[in-house]
Amino acid sequence: MNHVALVTGGSSGLGYCLAREFAKHGFNILIISHNPTANDDAVGHIKNDFHVEATSLTIDLREDISAEAVYGFCRENSIQVDALVNNASSGTYGPFAESFVDDNEAIVQLDVVTLLDLNYLFLHDMKERGKGYIMNVASTAAFQPGPNLSVYYASKAFVESFTEGIAEENRGSGILISVFCPGPVDTPFLKKAGMDRSKVIEKFKPENPEKIAAYAYRKLMHGRVVIIPGGKNKRRVFATRLFSRKAIRRMMVKILAPKKN
């Protein structure tokens with residue numbers, strides 16, 4: 001396979017929409033996900049709809065050496081990854097003190113460590129070729145703390161800062177690197193992470209994943225480093241510069257408070 005976009009978490013939700021967007025523009029697709037049935041369905045639809053090559057690898061990216069396993073799979077199958085899209089993510093809603101250690105470590109492994117390792121492995125190959133694309137999916141959560149989603153918000157802050165750093169390191173290299181920071185997105189992730197139990201969904205209408213995936217693709221190809229879809233999201237992120245950290249914390253604890261029954 002040549003001209004390949006690798007999309008983690010690409011079998012459903014925003015990841016699937018991103019995979020379809022790359023396929024729409026002629027990329028062959030490699031989907032990485034832990035769900036074999038969803039993988040097969042996504043691959044079948046992408047092949048049928050866009051007439052590109054598509055395949056998948058079923059693997060749990062929360063495992064310690066999953067990034068190395070993904071990279072090894074690509075090497076063994078002569079898959080040259082031209083675009084790396086790190087979309088897979090997880091989160092759990094509720095006070096940190098009431099959370100489970102295993103859940104928190106799984107979030108950090110998936111959202112931070114595996115993402116870090118995939119960037120490291122595939123960036124080296126792109127640097128040798130002098131071209132490539134990397135999109136790390138963060139969130140508007142990256143720009144402020146998130147009481148009741150503290151680990152998830154902190155992981156997205158890492159992704160945002162890390163991506164800006166490596167984008168600058170590789171400026172002029174032929175490799176375009178972006179961090180995609182949407183607000184809440186209308187996908188099953190909201191319920192899976194428990195965000196539907198908070199007031200954030202009442203205050204910020206979830207976005208259409210197909211629409212913002214198309215926006216993210218365009219901005220990546222145009223070299224935009226920090227991609228924030230929608231005027232409201234841009235204004236909310238800008239507003240974090242105008243208030244004290246204390247004020248931001250107090251606002252966020254209200255926004256992320258549990259909904260009233």
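Given the structure is predicted, the values throughout are model-derived calculations rather than measurements.
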Which atom of [X] lies closest to which atom of [Y], heavy atoms considered:
X: Asp40; Y: Ser56; result: OD1-OG, 4.4 Å
X: Cys74; Y: Leu6; result: SG-CD1, 4.1 Å
X: Ala142; Y: Glu160; result: CB-CB, 3.6 Å
X: Leu121; Y: Ala67; result: CD1-O, 3.7 Å
X: Ala19; Y: Gly10; result: CB-O, 4.3 Å
X: Glu68; Y: Asp117; result: OE2-OD2, 4.1 Å

Ignoring hydrogens and angles, state whether a donor on the side chain of [X] or [Y] is under 3.5 Å from an acceptor on the partner side chain.
X: Thr140; Y: Asn233; value: no
X: Asp103; Y: Thr92; value: no
X: Ser11; Y: Asn35; value: no

To the nearest 0.5 angstrom, please state how far the [atom1] atom of [X] sits from the [atom2] atom of [Y].
X: Glu53; Y: Ile79; atom1: CD; atom2: CD1; answer: 9.5 Å
X: Asn119; Y: Leu84; atom1: CG; atom2: CG; answer: 5.5 Å
X: Leu220; Y: Leu18; atom1: CG; atom2: CG; answer: 10.0 Å
X: Asn170; Y: Met126; atom1: CG; atom2: CE; answer: 10.0 Å
X: Ile227; Y: Arg218; atom1: CD1; atom2: CZ; answer: 10.5 Å
X: Ser89; Y: Lys156; atom1: OG; atom2: NZ; answer: 3.0 Å

* Under 30°, 30 to 60°, or over 60°: which ring-plane class applies to His3 and Phe27, parallel, tilted or perpendicular? ->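 Judged by the thresholds at 30° and 60°, the geometry between His3 and Phe27 is parallel.
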
Flag if over 12 foreign heavy atoms under 6.0 Å of [atom1], [X]:
X: Arg62; atom1: CZ; answer: no
X: Lys131; atom1: NZ; answer: no
X: Leu242; atom1: CG; answer: yes

Identify whether [X] and [Y] are in the same connected component of the hydrophobic contact network (ILVMFWY, side-chain heavy atoms under 4.5 Å).
X: Leu256; Y: Met251; answer: yes
X: Val101; Y: Tyr93; answer: no
X: Met221; Y: Val52; answer: yes

* Asked: Does the pair Ile29 and Phe50 meet the rule for a side chain to side chain contact (heavy atoms under 4.5 Å, CB included), with working shown?
  -> CA-CA 11 Å; Ile29 303 299; Phe50 301 106; over 6 Å; no

Please examine the side chains of [Y] and [X], heavy atoms only from C-beta on, and report whether any two atoms are closer than 4.5 Å.
X: Lys219; Y: Pro229; answer: no
X: Ile166; Y: Phe162; answer: yes
X: Ser66; Y: Asp60; answer: no
X: Leu14; Y: Phe180; answer: yes
X: Tyr133; Y: Val85; answer: no
X: Leu61; Y: His34; answer: no

* To do: May I have the step-by-step check of side chain to side chain contact (heavy atoms under 4.5 Å, CB included) for Lys127 and His124, ending in yes or no?
  => CA-CA 5 Å; Lys127 287 178 73 69; His124 276 83; 5.7 Å; no

Under a 3.5 Å distance rule, please check whether [X] uses its side chain to pair with a backbone N or O of [Y] as donor and acceptor.
X: Asn208; Y: Glu210; value: yes
X: Ser178; Y: Met135; value: no
X: Asp82; Y: Val4; value: yes
X: Glu164; Y: Val226; value: no
X: Asp111; Y: Ser90; value: yes
X: Thr240; Y: Gln144; value: no
X: Asn87; Y: Gly9; value: yes

* To do: May I have the step-by-step check of side chain to side chain contact (heavy atoms under 4.5 Å, CB included) for Thr8 and Val70, ending in yes or no?
  => CA-CA 10 Å; Thr8 68; Val70 170; over 6 Å; no

* Glu168: partners by salt bridge (Lys or Arg N to Asp or Glu O under 4.0 Å), with sequence neighbours left out ->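 Glu168 satisfies salt bridge (Lys or Arg N to Asp or Glu O under 4.0 Å) with Arg171 only.
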
* To do: With sequence neighbours excluded, give me every ring pair (Phe, Tyr, Trp, His ring centres under 6.0 Å) pair touching residues 216-260.
  =>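 Checked against ring pair (Phe, Tyr, Trp, His ring centres under 6.0 Å) - neighbours excluded - the pairs reaching residues 216-260 are Phe22-Tyr217, His25-Tyr217.
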
* To do: Mind running side chain to side chain contact (heavy atoms under 4.5 Å, CB included) on Ile59 and Phe73 for me, showing each step along the way?
  => CA-CA 11 Å; Ile59 190 169; Phe73 174 83; over 6 Å; no

* Passing candidate, side-chain hydrogen bond (donor to acceptor under 3.5 Å, both in side chains) with Asn104, options Ser99, Ser155, Ser150 ->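 Filter result, single survivor: Ser99.
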
* Asked: Which residues pass the ring-ring contact (aromatic ring centres under 6.0 Å, His included) test with His51, sequence neighbours left out?
  ->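 ring-ring contact (aromatic ring centres under 6.0 Å, His included) check on His51 returns nothing, list empty.
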
